[in-house]
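All remarks here apply to the structure that follows.
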Amino acid sequence: MTEIFLHHYDASPFSQKAIKMLAIKGVDWKSVIHPMIAPKPELTVLTGGYRGTPVMQIGADIFVDSQLIAEELERRFPYPSLYLGGKGVAHMLDEWGHAFFRSGLDIAIKEFSGDWDEDFYKDRDAIFPDLDFSKADTRFTDACVRLRAHAQLINDQLSDGRDFLMGASPGLADIQGYVVNWFTRAGFPFVQKLFNDFSYLEPWEKRMAALGEGGRIEATAQDAYDVAKASQTIIQSSVDADDPSGLAVGDEVCVIPVTSQRGDAKGRLVRLSAGEVAIAPSSADLESIVVHYPRLGYEVRRV
């Protein structure tokens, strides 16, 4: 079995999503820590230009975004499943998870941005161009309302006494909600009051925390590069005949995040389906790799 590398940093709620997936699967994995802010040259050489985390690497295949990481882990390790209640519903909840996260993000900007150094402030301001950081105070009350309303949905789902959102076992639905509670409770003491009426919430959070991290092993970027160079991609080149883009295998394309500015990725198109785009990035150092992106949340343009 080819080893799993997770390129990430621990403070990221998105990285925590991937870590909890690995914990549920109970697999060993290698942790490669990258900086919280750009530039991230040790990461972008793997992705073709994208600098967001988490990024999962298995051999020469690089998987970007937690939704695609979930799919690949499920394919390789079907049991225990992340998709309790079905794959479609689990990924539909990804959009809900982003909305929940945005409520916490607005709170974090208001509470913490005054203490951020200039480089960190500029980096986060650039990542989220749709959020006016200078007006975080005006969004604060609404952000607290939204955070509480989303948390109540979790509490309602747990109110019949189930241990996890889809029943007796944890899955991707739990992960989508848990990571927001994880960083808001830790960062903002007043959140305890916002959640005070939700008696099922904290016991569920403790059950999620108790899942741990799986078999984490610390590693370096060079360790990951060495494996990538010695490996071959798992996928065959193909383009969905019904795809409306008109793209073909071998086209030079750019993959662009839709909702955040985390860096565009350029390369040669290898695969295109309804749910995934894969490119061979424009990198002389790691010619063997293929980078996989989800279609939802990313735009693909011919260069």
Side-chain angles (χ1 to χ4, degrees), residues 6-9 12-21 34 38 40 43-44 46-57 61-75 82-83 86-106 123-131 146 150 171-173 175-180 183 235 239-240 242-245 247 251 253-267 269-279 281 290-303:
L6 189 68
H7 300 266
H8 70 114
Y9 61 91
S12 164
F14 298 104
S15 293
Q16 289 298 319
K17 284 186 180 185
I19 290 172
K20 284 303 178 191
M21 293 175 202
H34 292 270
K40 302 181 183 181
L43 180 63
T44 55
L46 283 170
T47 62
Y50 181 81
R51 64 176 184 272
T53 55
V55 170
M56 183 176 74
Q57 174 191 342
D61 288 281
I62 315 298
F63 301 92
V64 169
D65 199 288
S66 58
Q67 57 181 305
L68 206 56
I69 290 172
E71 288 201 37
E72 187 61 20
L73 287 175
E74 190 78 1
R75 189 185 72 81
L82 295 170
Y83 294 150
K87 175 181 175 180
V89 169
H91 282 295
M92 289 175 199
L93 287 172
D94 190 65
E95 289 301 312
W96 167 75
H98 279 299
F100 192 12
F101 167 74
R102 281 298 183 108
S103 64
L105 176 61
D106 266 335
D123 182 83
R124 289 306 185 264
D125 191 31
I127 287 176
F128 302 106
D130 59 317
L131 293 178
R146 286 184 283 119
H150 284 299
L172 188 57
I175 292 171
Q176 304 287 18
Y178 169 72
V179 296
V180 181
F183 87 85
I235 70 168
V239 168
D240 184 344
D242 297 322
D243 192 273
S245 67
L247 293 167
D251 284 350
V253 298
C254 186
V255 183
I256 305 164
V258 174
T259 59
S260 64
Q261 299 300 315
R262 298 182 186 273
D264 303 344
K266 295 181 179 179
L269 185 63
V270 176
R271 182 179 179 182
L272 197 64
S273 68
E276 177 186 352
V277 54
I279 65 171
V290 169
V291 189
H292 306 247
Y293 291 84
R295 293 299 293 273
L296 287 176
Y298 297 82
E299 181 182 355
V300 185
R301 296 180 187 171
R302 183 181 283 107
V303 176

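The structure presented is a predicted model; accordingly, all values stated were derived computationally and were not measured.
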Run the side-chain donor-acceptor check on residues 91-102: report pairs under 3.5 Å with partners two or more places apart or on a different chain.
unit_1	atom_1	unit_2	atom_2	d
H91	NE2	Y83	OH	2.7
D94	OD1	Q176	NE2	3.4
D94	OD2	H98	NE2	3.4
W96	NE1	H150	ND1	3.0
R102	NH1	D130	OD2	2.8
R102	NH2	T259	O	3.4

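The main-chain N or O of F14 is found under 3.5 Å from a side-chain atom of S12 such that the two form a donor-acceptor pair.
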Begin from the C-alpha positions of V64 and H292 and carry the test side chain to side chain contact (heavy atoms under 4.5 Å, CB included) through to its verdict. CA-CA 6 Å; V64 169; H292 306 247; over 6 Å; no

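Using a 4.0 Å cut-off between charged nitrogen and carboxylate oxygen, K87 and E74 do not count as a salt-bridge pair.
For D240 against S273, the heavy-atom pair with the smallest separation is CB-CA, 4.1 Å. Between S15 and L6, the shortest heavy-atom distance links the atoms O-CD2, 4.5 Å. Closest approach of P281 to T47, counting heavy atoms only: CB-C, 4.4 Å.
Every residue meeting the side-chain contact (heavy atoms from CB on, under 4.5 Å) condition with Q16, not counting sequence neighbours, appears here in chain and number order: D10, I19, V179, W182. Annotation: salt bridge (Lys or Arg N to Asp or Glu O under 4.0 Å) contacts of E72 (sequence neighbours excluded): R75, R76. Evaluation of the side-chain contact (heavy atoms from CB on, under 4.5 Å) rule for D123 yields I37, A38, R51, I127 as partners, not counting sequence neighbours. Listed by chain and number, the residues in a side-chain contact (heavy atoms from CB on, under 4.5 Å) with V300 are L247, V253, V277, R295 (sequence neighbours excluded).
Residue pairs meeting the salt bridge (charged side-chain N to carboxylate O under 4.0 Å, His left out) criterion with at least one member in residues 255-267: none, sequence neighbours excluded.
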